[in-house]
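To keep things clear, I will list the structure first and then write my remarks on it.
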Amino acid sequence: MIALTQEVIDVDAVVDTVRRDAAGAVLVFEGVTRDTHDGRGVIRLEYEAYGQMAEAELKAIAADAVAQWPGLRIAIVHRMGLVGLGEASVVIAVSTPHRDAAYSASRFAIDALKVRVPIWKKEVYADGSVWKANAGGIHEPGS
Amino acid sequence: MIALTQEVIDVDAVVDTVRRDAAGAVLVFEGVTRDTHDGRGVIRLEYEAYGQMAEAELKAIAADAVAQWPGLRIAIVHRMGLVGLGEASVVIAVSTPHRDAAYSASRFAIDALKVRVPIWKKEVYADGSVWKANAGGIHEPGS
Amino acid sequence: MQVSVFYFAMLREQRGRADESLHVEAGLTVGGLYEQIFAAGSIGAMSIMYAVNQSYVSADHMLAENDEVAFIPPLGGG
Amino acid sequence: MQVSVFYFAMLREQRGRADESLHVEAGLTVGGLYEQIFAAGSIGAMSIMYAVNQSYVSADHMLAENDEVAFIPPLGGG
């Protein structure tokens, strides 16, 4: 399952797509809206995407991961639009025969997502808003 | 939440104990019964523990992790008794402000659990059973 | 020749629209098109990636008839 | 002096019980007690950890009155 969604992410449904009897390890990463950033109170997040390209990039990340860790099953779902406090903006579920690959593949996927999938995040505060860039990657401030 | 349980692990309930608005990352590890090992079909697993000491060791692992990654919240639940195919034998849920710490702390906890928490696993096959030791640690065959 | 151009995030807000069809001279690069559109804005100093037909390309990628161009400001997914 | 001893997994199966109270001589180490109980068994060659009063100790840890002793065969948790 690779998807962008306007709805609250059903984590169990995402994880179920990677389950199987043969799995030794299931690892689920959720990125959750934080309530503060630099001391300003975040009210909500707003995500937008270059939809078709974002889905294609997510699929490419999943394919890269499967090539690198044979036997991997992976699902990635990213929220779009308004995301409230405490709600997941992204869920990445993987299953692998052994836990080493689960940790490596999950980490690979979230790191790759942040640097190559065309998705943008606006943090909305009580006193304004800002488009918030991920740290690292070629978009690092100053690079 | 640190616990040994005879019941099927309610993963959502475990994860809820580490959720909070401030969390940036939630990472959930599930160890799941595999259906084959060395080509023999596993019918089920049976876990037993040195109960009081196992809980004390799990608490010590959690405390070590919190000391190493400030702001960490962690829950560890391990199944006891009969565990069927596809069921989780262990669930480790962590939440942290940033994902680096989530991956590191989760990995630390499962690795430490396998080498210091007094829990034993019997794999039951169609044609017999064997007490199955974890790889690595001081119990590595030959060490 | 005609190209379609997509804007996102702060670029969409600055441009005041999400997409448009533009007539450009043959031989123009994707980086050159960006400079034509945003050179006057303070946003010009921002690190930008370029996509043509939904694949990342470098700034010196030459545009072709009916290309779908997107300017990719700093990403915020995750 | 008296100590209580706990057996797990293959040690429990070999010993035929999960725990017992034993009278041992003063000055006996936990490793010495293990050898007394399991020396004759093929299981004696297995890598063993020792716990006294629910903390890991080395084989040369000296037992005391009323200690709770556990022999810890190779772990399988996770």
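Proteins get letters first, then strands, A, B, ... in listed order; numbering begins at 1 in each.
For B:Gln52, the CD atom sits in a loose shell: 12 or fewer heavy atoms of surrounding residues, nucleotides or ligands are nearer than 6.0 Å. Residue-environment remark: CD (D:Gln2) exceeds the threshold of 12 foreign heavy atoms within 6.0 Å.
Looking at every heavy atom in both residues, B:Trp120 comes nearest to D:Pro74 through CD1-O, 3.1 Å. For the pair B:Val115 and D:Met49, the tightest heavy-atom approach, listed with the atom from each and the gap, is O-CE, 3.9 Å. Pairing each heavy atom of D:Gly77 with each of B:Leu113, the nearest pair is C-CD2, 3.6 Å. Across B:Ile110 and D:Gly78, no two heavy atoms sit closer than the pair CD1-CA, 4.2 Å.
Only the side chain of B:Lys122 comes within contact range of chain D, judged by heavy atoms closer than 4.5 Å. Both the backbone and the side chain of B:Tyr50 come within contact range of chain D, each with at least one heavy atom under 4.5 Å from a heavy atom of that chain. Residue B:Glu57 touches chain D through its side chain alone, counting heavy-atom pairs closer than 4.5 Å. With a threshold of 4.5 angstrom between heavy atoms, D:Ala51 approaches chain B through side-chain atoms but not through N, CA, C or O. Proximity to chain D (any heavy atom under 4.5 Å) is shown, for B:Ala88, by neither the backbone nor the side chain.
B:Ile119 places none of its side-chain heavy atoms less than 4.5 Å from the side chain of D:Phe8.
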